[in-house]
J.: 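Quick one: the structure is below, and I'll ask about it shortly.
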Amino acid sequence: MSDVNKNIKKVTRHVSQNEGLIFERSSAGKRGYRLPPLDVPEVDAGKVLGAAVRENLGEMPEVSEFEIIRHFTRLSTWNYAIDLGMYPLGSCTMKYNARVNETVVRLDGLANAHPYLPEKMAQGALRVMHELSQALIEITGMDAITLQPAAGAHGEMTGIMLVRAYFEAQGKQRKKILIPDSAHGTNPATAAICGYEVENLRSNAKGMVDINALAEQMNEDVAALMLTNPNTLGVFEEDIHKIADLMHNKGGLLYMDGANMNALVGKARPGDFGVDVMHLNLHKTFSTPHGGGGPGSGPVAIKKHLEPFLPTPVITAKDGRLAFDYDRPKSIGRVKAFYGNFGMHVRALAYILANGPDGLRQTTEDAVLTANYVRKKLEDVYDLPFKSPSMHEVVLSHRLQAQNGVKTGDIAKRLIDYGFHPYTTAFPLIVADHGAIMIEPTESEPKEELDLFIDAMRSIAAEAGSNPEIILNAPHTARVERMDEVTANRKPILRWKPAADAGKP
Amino acid sequence: MSDVNKNIKKVTRHVSQNEGLIFERSSAGKRGYRLPPLDVPEVDAGKVLGAAVRENLGEMPEVSEFEIIRHFTRLSTWNYAIDLGMYPLGSCTMKYNARVNETVVRLDGLANAHPYLPEKMAQGALRVMHELSQALIEITGMDAITLQPAAGAHGEMTGIMLVRAYFEAQGKQRKKILIPDSAHGTNPATAAICGYEVENLRSNAKGMVDINALAEQMNEDVAALMLTNPNTLGVFEEDIHKIADLMHNKGGLLYMDGANMNALVGKARPGDFGVDVMHLNLHKTFSTPHGGGGPGSGPVAIKKHLEPFLPTPVITAKDGRLAFDYDRPKSIGRVKAFYGNFGMHVRALAYILANGPDGLRQTTEDAVLTANYVRKKLEDVYDLPFKSPSMHEVVLSHRLQAQNGVKTGDIAKRLIDYGFHPYTTAFPLIVADHGAIMIEPTESEPKEELDLFIDAMRSIAAEAGSNPEIILNAPHTARVERMDEVTANRKPILRWKPAADAGKP
Amino acid sequence: MLDAVGARNIDDLFSHIPAEYRLKGDLHGPRQMGEAEIVDYFKGFAGDMSAGYSIMLGAGSYYHYRPVVIDSLISRGEFFTAYTPYQAEISQGTLQAIFEFQTMICELTGMEVANASLYDGSTGIAEAVMMAIRITGRSSTVIARSVHPEYREVLRTYAQHQGMPIAETAFLETGRVDLKALDAAITDETACVVIQSPNFFGTIEDVAAVADIAHKKGALLIVSIAEALSLGIVKPPVEADIVTMEAQSFGVPLGYGGPYVGVLATREKFVRQMPGRLVGQTTDRQGKRGFVLTLSTREQHIRREKATSNICTNQGLVALMATIYMCIYGREGLKELAKQNLSKAAYAVGEFKKSAKILFDGAPRFNEFVVQTPGAAKQINDKLLDQKIIGGLPLNRYYPELGNSAVWCCTELVAKAQIDAAAQAVGK
Amino acid sequence: MLDAVGARNIDDLFSHIPAEYRLKGDLHGPRQMGEAEIVDYFKGFAGDMSAGYSIMLGAGSYYHYRPVVIDSLISRGEFFTAYTPYQAEISQGTLQAIFEFQTMICELTGMEVANASLYDGSTGIAEAVMMAIRITGRSSTVIARSVHPEYREVLRTYAQHQGMPIAETAFLETGRVDLKALDAAITDETACVVIQSPNFFGTIEDVAAVADIAHKKGALLIVSIAEALSLGIVKPPVEADIVTMEAQSFGVPLGYGGPYVGVLATREKFVRQMPGRLVGQTTDRQGKRGFVLTLSTREQHIRREKATSNICTNQGLVALMATIYMCIYGREGLKELAKQNLSKAAYAVGEFKKSAKILFDGAPRFNEFVVQTPGAAKQINDKLLDQKIIGGLPLNRYYPELGNSAVWCCTELVAKAQIDAAAQAVGK
Ligand SMILES: Cc1ncc(COP(=O)(O)O)c(C=O)c1O
Ligand SMILES: Cc1ncc(COP(=O)(O)O)c(C=O)c1O
């Protein structure tokens with residue numbers, strides 16, 4: 001073991017508390033709450049509810065407040081997080097989540113605002129949404145925006161529905177959406193949900209849209225192209241101009257997946273290069289925390305010609321006061337109750353203010369610089385399947401290591417031993433043999449951390465030659481080893497049961 | 001290694017981030033702050049300050065906000081804490097620190113109150129101190145109190161100064177303070193600071209004050225006896241009545257060190273059994289957090305005859321409003337600027353309200369029960385030097401294990417491998433061979449955690465016979481091994497220096 | 001680093017972006033602010049909101065007390081700065097917490113499996129309907145008009161382009177679904193029936209009866225729950241095939257409407273048709289218990305256009321809030337708290353009756369009720385603002401047929417004094 | 001557990017407490033409150049305080065902006081629920097942070113060693129004086145009257161029973177120590193001279209000159225600093241033998257006067273006479289760098305009555321706040337921030353001069369200044385309250401000879417508008 005770890009500079013093993021399931025701590029009579037006395041007569045639930053009354057809450061736990069603190073504190077220590085170290089998940093933009101954002105979002109007036117407050121009581125919240133909308137419109141170069149979608153995929157759906165509505169309004173719906181083979185899975189899934197056929201568009205050798213293929217495939221049946229730019233290889237589509245023209249000339253629309261906006265903010269604007277509709281991920285580019293799987297926020301920005309179709313309500317300013325406009329006959333309707341993930345709007349606006357115009361540009365420049373630095377330092381030991389210039393992320397492949405049976409997923413597990421969260425594995429799919437090693441450092445990483453990461457990746461590359469076994473059996477230093485996912489899939493255990501053997505760790 | 005740990009149920013090893021000193025992260029140009037623009041003309045510091053102007057700040061670090069978050073987050077993960085597990089430090093009362101206390105103390109009005117606010121603007125803060133004072137007076141059964149002392153030792157000093165002032169006022173100062181050999185080091189140190197000679201009072205076979213010795217040693221030269229009750233063995237001084245009489249008959253006073261009040265709150269009151277003056281540790285009995293070494297708060301409660309001497313200012317209520325009374329000619333004066341550690345007063349009051357009278361009693365009962373449970377489960381494998389009934393803590397000794405060369409300090413280190421913070425070692429000193437194993441579970445520990453602790457202690461006792469080496473070389477699972485304290489003492493390195501070899505971990 | 005990458009200046013790295021698309025100047029917008037300024041800026045916004053008012057609004061967003069431990073725990077960087085737990089070995093904390101969440105949701109809803117979360121209660125219905133369509137191979141939906149109006153709008157938005165016809169059925173005097181009308185509305189093309197209980201009026205539906213009707217015609221029953229706390233005292237919809245719930249009541253701030261957390265729970269046999277993430281228990285190579293994301297072949301990153309849903313990022317941290325909340329109150333507390341809500345609303349109904357008309361008084365309700373007043377609800381609310389009370393939601397926009405009525409809510413945070421004051425006001 | 005310990009009921013475990021001392025009934029006092037009630041209870045108190053006012057009070061407690069990361073970091077249970085780091089192997093986090101604190105304090109004060117903290121700035125002087133007495137073997141102290149009045153009171157309290165005579169020396173028109181008087185006051189029994197800089201009037205003392213005089217007579221110089229931020233722009237008192245400082249300005253809330261954090265720094269040669277805890281760097285058995293509490297033979301738990309001090313629990317978590325604060329602002333930020341304070345005060349002095357008299361105008365100052373007014377300071381302050389301004393501290397209680405005067409403070413948080421408003425008011 002110790003020699004398995006001799007090259008590891010970044011981490012050391014330390015005691016980590018074990019902890020069972022909360023249900024295994026539960027016992028009758030423990031309580032983590034204390035209610036104030038009731039100031040009205042207590043009713044007899046049986047009388048009030050009759051047959052609808054509930055007698056007991058089954059296996060819900062009974063634990064003390066202190067046990068809850070311990071339980072979740074211990075659990076938390078089993079997680080890796082940005083706060084602990086570099087989190088180079090490509091396409092996820094794991095940047096620093098500023099604490100001031102967490103402070104302002106918890107201000108009483110914002111945190112405890114009911115969505116149905118009379119508008120005159122909600123001006124503060126409306127202002128937040130209005131200011132954020134203005135800022136995002138400026139950053140994207142688009143004409144209008146909706147903050148309603150709850151995440152990127154939700155934004156995609158909203159955007160594609162706007163596309164549909166646009167063609168409906170013209171009285172001639174189209175059948176297909178073109179999607180490059182490098183696209184994220186949410187793109188085709190979204191197109192399908194919106195009732196479109198998905199047609200695959202193959203990338204060229206440079207990892208970019210193949211203009212000729214596009215020219216062939218584009219016709220009056222195609223509603224839109226869903227393009228990610230920079231694409232999932234971190235490569236800017238240099239023919240973006242031709243792409244937009246090809247689409248527009250045939251009456252089609254250009255949708256842009258804005259997941260990679262961290263490469264463009266303050267440097268280039270989709271609205272300027274022909275995009276008709278796009279979504280943003282506030283939980284990526286605009287630093288709202290990922291929270292172990294959300295919440296996110298996926299605003300959709302559009303050009304004028306799509307504005308009539310925006311989801312309701314839309315914020316409008318009349319005589320100095322902001323208000324919601326519900327009267328939009330051509331709207332696609334709501335995509336979510338209320339107004340979107342407002343808490344994320346507050347955080348994103350705080351991020352934008354903390355940076356300012358120059359700070360936003362600087363951020364993008366640093367993000368692109370760190371990615372290129374990592375590329376430069378690794379391209380001699382890892383295969384670079386597409387040589388086009390990288391922007392905010394670099395996609396390598398496991399081709400060289402695979403010769404020793406070491407795959408991208410194995411290298412990822414070994415990175416854990418080296419004290420890092422792995423990069424994104426096996427995506428994008430256009431990298432041969434599902435061998436993608438997709439690295440996005442973000443602007444947040446200091447050089448010291450990048451150098452440790454580079455050192456770890458190079459060291460693993462060396463191990464792939466000298467001792468592949470170490471890698472194939474990794475991780476060795478975490479509190480658990482590789483999980484049996486096959487059984488998990490074959491015989492799913494999706495909830496705790498009192499009968500079930502607890503098998504405490 | 002792994003077999004060294006085969007009996008360990010509580011913890012597993014896990015990756016833990018390394019981190020150098022903040023100075024080693026520093027580089028010119030990085031910044032963790034951003035100031036608003038100045039709204040008045042900027043002055044030329046050289047002009048304003050002349051010779052007094054400072055040119056540079058030497059080795060002060062330059063780091064980004066994100067690096068600061070990472071630095072201290074990583075450091076924090078190297079600590080053990082109550083939130084992670086049982087912290088059975090005897091005499092320290094490591095109980096749950098309720099989160100609601102942290103919430104209320106941060107309320108804007110309290111957190112940002114300047115100590116020199118006009119009294120009419122400070123009524124809220126005065127109310128907090130007043131309510132807490134009333135509650136503590138009721139709990140101790142004393143007549144008056146000062147919240148000014150910053151910690152237990154500071155309270156001791158304040159209390160002994162009150163004793164001095166009392167005798168001064170009588171025009172006949174006394175020379176000595178009697179202190180049992182079981183007392184905490186702060187007791188004699190305090191007496192000395194207050195200009196008293198310390199006379200040692202030996203304990204009897206039961207670990208209690210030897211009444212006869214006291215009778216012999218008590219005379220008109222003795223100002224007071226500094227008694228801890230229950231004493232540092234966790235034993236209630238059953239002759240407390242006689243002790244008080246012996247002191248009072250000779251005109252002396254009885255001082256009580258209230259560090260162990262967690263054994264008495266709601267069950268017995270020092271004011272009822274003859275104590276004239278005592279201190280409390282809000283950071284023990286009343287759950288204010290220890291914070292890795294403070295801040296604390298050490299209020300001093302007294303009987304009427306000492307009231308004139310209380311430190312200034314004293315809170316008084318005149319016509320419904322609270323005010324500070326500075327005009328107290330006999331006062332010993334201030335022991336601290338302002339009014340004490342107000343933030344701890346807020347937390348302690350919140351604790352008292354969260355419990356209420358019955359909750360406070362329950363707490364004491366549970367604290368005594370857990371200690372006795374641990375005692376019962378360990379007394380067959382560890383020597384119990386004093387057989388008297390235990391209250392909130394139990395003091396064992398290493399006598400049996402020492403036969404194999406295993407001392408209390410070694411067992412403590414081995415407990416770390418078992419996932420616990422050690423008990424208090426080698427205190428009180430009256431346990432032979434500095435062999436004390438002083439365990440205070442507190443009311444906060446659930447039975448499951450106690451059983452794991454008992455299991456660990458028993459397992460270590462077994463190892464002491466079977467494999468003392470494991471214990472003598474412990475800990476094995478922490479990120480660092482035993483430290484070279486000798487060199488640390490002989491050639492102290494008390495600050496980082498740029499020259500100094502960093503020797504990064 | 002510039003040298004290392006062999007760039008003369010930073011713009012070299014952007015040179016492959018066609019020149020005409022490279023921004024020349026700065027973006028327009030507010031200058032960079034210092035932290036102190038940012039805090040003041042938002043305090044300015046927060047200042048002119050309803051802090052300190054007592055809130056008698058519900059309608060899908062409920063003002064319950066949030067124990068402080070929730071924020072102290074979710075504020076640990078290990079939770080809130082982690083990504084979706086793709087790498088199990090260093091994500092066991094999040095994974096175990098989700099597994100506990102799934103378990104508790106099952107216990108509360110009476111279902112067999114629950115997912116790791118959906119965006120919210122409104123999109124939850126849409127996902128449930130699409131799931132029902134996949135399961136039954138039928139295409140149409142019957143939804144009760146007593147389901148939250150915005151939830152129905154969202155369903156319509158999702159459905160419009162997928163050839164999923166939607167019919168709405170009426171409610172009775174009692175506020176409950178009109179069973180006859182429902183029965184008539186269901187055809188052999190009906191994939192599912194959707195109701196909400198407690199419904200938008202606060203009325204608790206007769207789920208069993210609805211289930212019978214739906215099942216007799218081979219349709220699935222989807223029950224939506226907007227006020228999760230009701231499950232502390234109201235019988236769970238065990239007769240449903242899919243339960244979709246908005247869990248905001250479980251420790252999630254009102255936050256002007258989001259982020260909240262949707263959940264979808266169903267029967268084991270439908271698990272492979274579920275949308276969203278699922279965490280499963282398994283063991284590592286040493287046989288040690290652990291947790292992983294599982295059954296991901298349902299999801300978009302594997303199945304692409306054939307996925308059960310396009311959802312990817314969901315509401316992880318909000319689900320954690322709810323998990324902690326459910327642990328704090330637990331088996332006894334949820335019941336006790338729900339009972340306090342029940343009592344507050346019952347008391348309020350009694351008081352409001354003295355000066356106004358209570359609609360739908362024929363069936364049991366939880367903590368909401370509909371009040372019909374002589375004057376317009378909006379005017380009443382305006383008057384109440386002076387007393388720092390936020391009145392009920394006027395229903396005229398959604399249910400013009402109900403005249404001057406509004407749906408009111410009394411949680412444990414509404415004090416008797418405010419109820420009395422409001423009861424006074426509605427009469428005038 | 002009762003059975004396990006062989007007790008019939010809980011009272012068995014208290015039976016050895018003499019019956020007459022066992023409480024029969026409940027303690028008197030407020031009933032147990034629910035969490036929501038506790039929060040409301042304290043909100044009630046917090047409500048009638050000065051939230052939202054601009055504070056122009058200093059005098060030993062300074063209202064500076066607190067970056068939010070401080071609280072998010074110290075709120076980690078690993079820091080705030082840990083005890084004093086006695087067990088180094090599982091306390092490296094706290095130990096390394098203290099080592100960094102000691103280093104930064106040395107850098108800022110110009111001293112060679114600093115301890116892990118003392119209670120506060122006031123008790124720091126008392127500890128420093130006792131230390132000087134141990135070092136010099138002399139018994140008396142000369143302290144400047146321009147030292148914070150409460151600090152002097154505390155010194156008197158500590159000194160009264162230890163035969164430590166204390167003499168006070170006057171200040172000049174400039175606000176600085178009267179060097180002649182000082183020289184005269186020092187005898188060959190004088191262990192130390194104590195000054196504060198910036199002093200209670202905000203005036204920066206000529207430390208070097210005072211040091212010369214003290215040292216010539218074999219006395220040590222103790223310099224107390226109440227406004228730590230001044231070190232960002234004011235020369236450190238390198239000529240001192242002991243520096244004792246209140247570090248509240250470094251990210252510690254005003255908190256109505258505490259908890260704050262005192263520090264004591266001195267020359268290497270005096271280290272074994274220092275009070276309080278010290279953290280030292282060392283290595284573990286593998287040669288890996290680590291940190292431990294060291295030189296503890298000075299302390300009470302070993303030395304008992306011969307200890308250098310009785311201090312045990314000190315201000316750990318507050319020292320951590322200060323450490324984080326010093327990292328955030330660092331080398332450049334402390335200077336920039338100090339300069340903003342300097343500029344605010346300079347501007348204020350200019351404005352106040354227009355309508356009132358500025359005392360001690362002859363020597364440099366940092367962010368405080370003394371204003372003498374026609375009317376009583378208290379009345380002026382009362383008037384300012386209407387404008388939500390808390391005026392300067394009236395000096396009549398401490399320095400009657402200064403007439404209607406008050407010491408004002410302008411930190412970076414006092415806006416120009418408030419300065420102008422106050423300047424207006426003082427004239428009236
Ligand atoms: C390129 C791309 N598109 C879309 C998405 C989906 O965004 P979300 O997870 O917010 O739904 C992602 C997220 O990983 C992505 O990387
Ligand atoms: C018995 C006893 N007395 C006094 C003290 C000193 O209290 P403090 O550390 O708050 O100064 C302690 C603290 O450990 C103690 O245990």
Side-chain angles (χ1 to χ4, degrees), chain A residues 32-33 39-40 43 49 57-58 60 72 75-76 78-83 104 107-109 111 113-115 124-125 150-151 153 185 188-190 192 195 198 273 289-296 333-334 337-338 341-343 353 356-357 365 372-373 389 478 480-481 483 488 493 495-496 503, chain C residues 1 5 10 16 21 26-27 32-33 42 45-46 49 51 73 76-78 80-84 88-90 92-94 103 107 119 122 150 153 157 161 253 256-259 280-282 284-285 289-290 294 300-301 304-305 307 310 312-317 328 331 333 343 346-347 364 416:
Chain A
Y33 69 98
D39 64 355
V40 298
V43 296
L49 297 174
L57 270 59
M60 293 299 282
F72 290 100
L75 261 55
S76 75
W78 306 345
N79 275 4
Y80 188 91
I82 302 177
D83 282 5
V104 295
L107 290 168
D108 197 353
H114 192 286
T190 297
V198 174
F273 52 69
H290 268 277
R334 291 186 161 277
F338 311 122
N341 284 344
F342 177 75
L353 296 171
E365 293 173 347
N372 279 279
Y373 180 72
V480 291
E481 296 190 13
M483 292 288 162
I493 302 174
R495 58 154 297 174
W496 173 84
Chain C
M1 288 195 272
V5 303
I10 191 68
H16 52 282
Y21 299 138
D26 272 356
L27 290 166
Q32 186 179 52
M33 290 187 188
F42 284 97
F45 291 154
M49 298 286 290
L73 287 169
R76 288 184 56 84
E78 292 90 333
F80 92 96
T81 75
Y83 197 74
T84 302
E89 300 84 352
I90 46 173
Q92 284 297 304
T94 295
T103 304
E107 283 298 322
Y119 301 137
S122 68
E150 295 196 2
E153 273 188 65
T157 306
H161 307 308
Y256 204 57
Q281 176 179 319
T282 183
D284 75 358
R285 293 177 167 189
R289 176 172 71 184
T294 191
Q300 38 71 27
H301 57 277
R304 322 257 318 158
E305 59 267 39
N310 72 332
C312 183
T313 292
N314 44 89
Q315 304 296 110
L317 198 68
I328 291 169
R331 194 170 196 280
S343 302
Y347 172 79
K416 178 175 179 302

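Residue numbering restarts at 1 for every chain, and letters A, B, ... go by the order of the sequence lines.
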J.: Would the distance check show the side chain of C/Glu150 and the main-chain N or O of A/Phe338 forming a donor-acceptor pair, the cut-off being under 3.5 Å?
T.: yes
J.: Under 4.5 Å from any heavy atom of chain A, what part of C/Tyr347 do you find: side chain, backbone, both or neither?
T.: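 Side chain only.
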J.: Between C/Arg285 and chain A, with a heavy-atom cut-off of 4.5 Å, which part of the residue counts as in contact: side chain, backbone, both or neither?
T.: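 Backbone plus side chain of C/Arg285, per the 4.5 Å heavy-atom cut-off to chain A.
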J.: Looking at A/Ala150, A/Ala111, A/Gly292, A/Gly356, which has the largest count of heavy-atom pairs under 4.5 Å with chain C?
T.: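 Max contact count across the listed options: A/Gly292.
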J.: Kindly write out the residues that satisfy side chain to side chain contact (heavy atoms under 4.5 Å, CB included) with C/Pro364, not counting sequence neighbours, or none if the list is empty.
T.: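 For C/Pro364, the residues satisfying side chain to side chain contact (heavy atoms under 4.5 Å, CB included) (neighbours in sequence not counted) are A/Leu49, C/Arg176, C/Ile204.
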J.: Looking at C/Arg331, C/Lys416, C/Glu78, which makes the most heavy-atom pairs under 4.5 Å with chain A?
T.: C/Arg331
J.: Which one, C/Tyr256, C/Phe45, C/Tyr119, leads in non-hydrogen pairs under 4.5 Å with chain A?
T.: C/Tyr256
J.: Identify, with sequence neighbours excluded, every residue that meets salt bridge (Lys or Arg N to Asp or Glu O under 4.0 Å) alongside A/Glu365.
T.: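 With neighbours one apart ignored, the set is A/Lys267.
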J.: Taking all heavy atoms of C/Thr81 and all of A/Ala81, pick out the closest pair and write down the distance.
T.: OG1-CB, 3.2 Å
J.: Which one of C/Arg304, C/Gln315, C/Glu305 has the most heavy-atom pairs closer than 4.5 Å to chain A?
T.: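 If we count pairs closer than 4.5 Å to chain A, C/Arg304 comes out on top.
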J.: With a 4.5 Å cut-off on heavy-atom pairs, point out which of A/Gly109, A/Ala151, A/Gly32 contacts chain C the most.
T.: A/Gly109
J.: Determine whether a donor-acceptor pair (N or O, by modelled atom type, separation under 3.5 Å) exists between the side chain of C/Thr313 and the backbone of A/Gly293.
T.: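 Flag not set: sc C/Thr313 to bb A/Gly293 has no pair under 3.5 Å.
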J.: With a 4.5 angstrom heavy-atom cut-off, could you sort out which part of C/Ile328 is near chain A: side chain, backbone, both or neither?
T.: both
J.: Highest number of heavy-atom pairs under 4.5 Å with chain C: which of A/Thr190, A/Asp108, A/Ile82?
T.: A/Ile82
J.: For each of A/Leu107, A/Val198, A/Val104, A/Ile493, tally heavy-atom pairs with chain C at distances under 4.5 Å, and name the one with the top tally.
T.: A/Ile493
J.: Between A/Ala153, A/Ala113, A/Ala192, A/Gly58, which residue shows the highest count of heavy-atom pairs closer than 4.5 Å to chain C?
T.: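 Of A/Ala153, A/Ala113, A/Ala192, A/Gly58, A/Ala113 has the most heavy-atom pairs under 4.5 Å with chain C.
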J.: With chain A, which of C/Glu153, C/Glu89, C/His301 has the greatest number of heavy-atom pairs at distances under 4.5 Å?
T.: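 If we count pairs closer than 4.5 Å to chain A, C/Glu89 comes out on top.
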J.: Please report the interatomic distance CG(C/Asp284) to CZ(C/Arg289), rounded to the nearest 0.5 Å.
T.: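 Rounded to the nearest 0.5 Å, the CG-CZ separation comes to 12.0 Å.
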J.: From C/Gln281 CD over to A/Arg495 CZ, what is the distance, rounded to the nearest 0.5 angstrom?
T.: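 The CZ atom of A/Arg495 is 12.0 Å from CD of C/Gln281, to the nearest 0.5 Å.
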J.: Applying side chain to side chain donor-acceptor pair (under 3.5 Å) to C/Thr157 and A/Arg334, what does each step give before you reach the verdict?
T.: CA-CA 6 Å; C/Thr157 306; A/Arg334 291 186 161 277; over 6 Å; no
J.: I need the residue from A/Pro289, A/Ala337, A/Gly333 with the largest number of non-hydrogen atom pairs under 4.5 Å to chain C.
T.: A/Ala337
J.: So, applying side chain to side chain contact (heavy atoms under 4.5 Å, CB included) with C/Gln92, which one of A/Asn79, A/Val480, A/Leu75 is it?
T.: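 When side chain to side chain contact (heavy atoms under 4.5 Å, CB included) is applied between C/Gln92 and each of A/Asn79, A/Val480, A/Leu75, only A/Val480 qualifies.
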J.: So which of C/Ala51, C/Ala307, C/Ala82, C/Ser122 has the largest heavy-atom pair count under 4.5 angstrom toward chain A?
T.: C/Ala82
